Amino acid sequence: MTSSDHEEMLRHSVSHVMAEAVQSLFPGAKFGIGPAIEDGFYYDFDLPRALTPEDLPLIEARMAESLAADKPFVREEVSKEKARQIFAGQPYKLELIDELPDEKVTVYQQGSFTDLCRGPHVRSTGEIKAFKLLHIAGAYWRGDEHCPMLQRIYGVAFETREELDKYLERLAEAAKRDHRKLGKELDLFSIHEEIGPGLALWHPKGATVRRTIERFWVDEHLKRGYEVVYTPHIAKVDIWKTSGHWELYRENLYSPMDVEGQDYLIKPMNCPGHILIYKSRIRSYRELPLRMAELGTVYRYERSGVLHGLTRVRGFTQDDAHIFCLPDQLEDEIVGVLELARFMIRTFGFPSYEVKLSTRPDKYAGTLEMWDKATETLRIALERIGFPYEIDPGEGVFYGPKIDIKLKDALGRGWQGPTTQVDFNLPQRFDVKYAGADGSEHNVVMVHRTVLGSMERFFGCLIEHYAGAFPVWLAPVQAVLIPIADRHLDYAFRVEKELKANGVRVEVDSRSERMNSKIRQAQLQKIPYMLVIGDKEVAEAAVSVRLRSGEDLGRRGLEEFKTMVKASIDARDS
Ligand SMILES: [Zn+2]
Ligand SMILES: [Zn+2]
């Protein structure tokens, strides 16, 4: 047994102990299932009343008693008939018994609690050293919305107290960085029931960060030979029939709208628009590769239950691009995309990343030969750029192999990042050709790629990665001027004008608050530079510089500060 097998067994055993505690605290409780999950476990209950967070410590206390009593987990094999007697009055268990294929089933008992279970379990409850109940959620029996809603308690369990403490510490740190919480505190974005769930409003400060990212993104793409385009937000339904989205992607599309008797869809993808720009005239092989980029806003239906802040939304702007190239240009193009992805990952300060190459699934478009060749090309490109990668067998989308890069944030959590996807399908469906050197027409090779994913998700990820303390080049307000008294206001406004003229995002805190409270406010807003202005600063054309970390750089001449902050912005220091 590996240590992770043991951990899983341990976690599942804790779910039985929790069920035992719930049974003793809630007579008449009915039991669903209680599997181990990543880091912990859950159990679903049908209870006479709704649980509240205050119930969790009571259940934990009862569980601790069970651990102290070191009750053995006793396995027994019984007939289905016997099992039906044991679980009389437990409708969910009876349902499960009916579905089990064998005549014999196994039950596990510890103390007064017996569960229908295939096992295995740890020897006794005394082996459990470290667990914690985290939260309560509603969950339909069998995940089916037509079945009764049960109450699910989630918990975590580890082999040792130290591991549990470390986990809980990380959880607390993640909660502090939650982009929904910071989004409100830093006035970055909001989501309103009146507008609709999953549709974000970008406030001026969030919009400033986004605009900074977008300008940088556009400039970098232009440098690398991309052309930037715009396409409309709605298009006739027929184009989505040609692309196959209407048929294959239906559950994520919004209903059509009628325009003069013609159905239109709000766009879920940017690809068809780019294809039609390509096809607006005959393309010669000499024009290829053609790289077409767009910060394209798309809308996709997601169930309200899965929406989450900015990271799972219904309307979002992809940093999209499509590359149209000749077959023998594919390798260099993929290398170019990976180089750009690496540059972005580094610039935005992500310490590490994971790369996966997904290969041909069972159902696929194109020929075996096309797949083998393209997959090999992606592999060679990964080798050329020196990315360590793993193969994800059969996980490619039906229309072509792809490379996915997962960003690791400051807490080591993974975020979906750059994706590069070869497409054998759309060039066929849209008949996307080029005129070859031989004078005849050939199918073009098409690549879809994004390096940030979507502006929404990437921004949510950045907020959490930096805990809201954006690097200077991204910070919505880069410096705040803090005059000590009203007589310093004139000078403060002059400095503001001067810094703004030099491209620094700066504000004057002109409120009649005390200096310390202004500094505290600036620290809460995570503003990189606080520039305190008093008599000496005015006399010497200087500012006293404090960093948000609390570090005090002392008095600096205005020119010196200007040079310092501009250098930091230009270098995109993280
Ligand atoms: Zn079990
Ligand atoms: Zn596309």
Side-chain angles (χ1 to χ4, degrees), residues 5-6 8-20 23 31-37 40-44 71-77 83 86-87 92-93 96 100 105-111 113-125 127-128 155 157 226 229 231 235 239-240 242-245 248-249 252 267-278 290-298 300 316-325 337 397-400 402 418-427 429-430 432 444-451 453-454:
D5 287 342
H6 186 266
E8 191 181 332
M9 186 170 81
L10 182 89
R11 285 171 180 149
H12 173 60
S13 299
V14 186
S15 87
H16 279 230
V17 175
M18 177 167 77
E20 180 189 8
Q23 184 185 46
F31 298 88
I33 56 164
I37 52 174
F41 57 89
Y42 69 77
Y43 211 116
D44 290 342
K71 300 171 186 173
F73 283 92
V74 183
R75 178 181 186 276
E76 196 187 345
E77 209 176 63
I86 296 172
F87 295 102
Y92 308 108
K93 296 292 178 192
L96 294 175
L100 287 170
V105 299
T106 54
V107 297
Y108 276 82
Q109 185 181 15
Q110 97 275 7
F113 180 73
T114 306
D115 208 347
L116 176 73
C117 180
R118 132 166 46 87
H121 279 275
V122 294
R123 197 185 45 80
S124 71
T125 59
E127 272 187 47
I128 299 164
Y226 284 82
V229 300
T231 60
I239 195 119
W240 308 108
T242 306
S243 72
H245 291 108
L248 296 161
Y249 202 65
N252 292 103
K267 75 171 164 180
M269 305 260 179
N270 303 306
C271 335
H274 294 189
I275 288 174
L276 292 189
I277 294 174
Y278 177 95
L290 205 146
R291 310 182 188 102
M292 219 182 284
E294 180 179 11
L295 290 159
T297 305
V298 297
R300 297 179 191 169
F316 53 96
T317 300
Q318 286 184 309
D319 70 307
D320 209 355
H322 296 95
I323 298 171
F324 303 89
C325 66
V337 169
V397 192
F398 78 94
Y399 53 82
K402 62 171 179 162
T419 300
T420 311
Q421 166 94 55
V422 181
D423 190 338
F424 305 130
N425 186 44
L426 289 185
R429 281 179 168 265
F430 280 94
V432 191
V444 80
V445 175
M446 182 174 173
V447 175
H448 312 250
R449 48 108 286 184
T450 148
V451 290
S454 78

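What's counted below: heavy atoms across the whole structure, side chains too, no hydrogens, waters or symmetry copies. Whatever order the structure lists them in is the order used to number ligands and atoms, beginning at 1. Positions are given from 1 along the sequence. As the structure is a prediction and not an experimental result, all values here were calculated from the model.
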Subject >> Distance, nearest 0.5 Å, that separates OG of Ser15 from CG of Asp115 >> reply: 7.0 Å
Subject >> Separation of His16 NE2 from Phe31 CZ (nearest 0.5 Å) >> reply: 11.0 Å
**OP:** To 10°, measure the SG(Cys117)-the Zn ion (ligand 1)-NE2(His16) angle for me.
**Re:** 130°
Subject >> Residues forming a salt bridge (charged side-chain N to carboxylate O under 4.0 Å, His left out) with Arg291, sequence neighbours excluded >> reply: Glu333
Original post:
Is there a donor-acceptor pair under 3.5 Å between the side chain of Thr317 and the backbone N or O of Leu295?
Top reply: no
Original post:
When the ring centroid of Tyr108 is compared with that of His12, is the distance short of 6.0 Å?
Top reply: no
Subject >> Option passing side chain to side chain contact (heavy atoms under 4.5 Å, CB included) with Phe324 (candidates Val432, Ile277, Val445) >> reply: Val432
Subject >> Neighbouring protein N, O or S atoms of the Zn ion (ligand 2) [cut-off: under 2.8 Å, no waters] >> reply: Cys271 SG, His322 NE2, His448 ND1
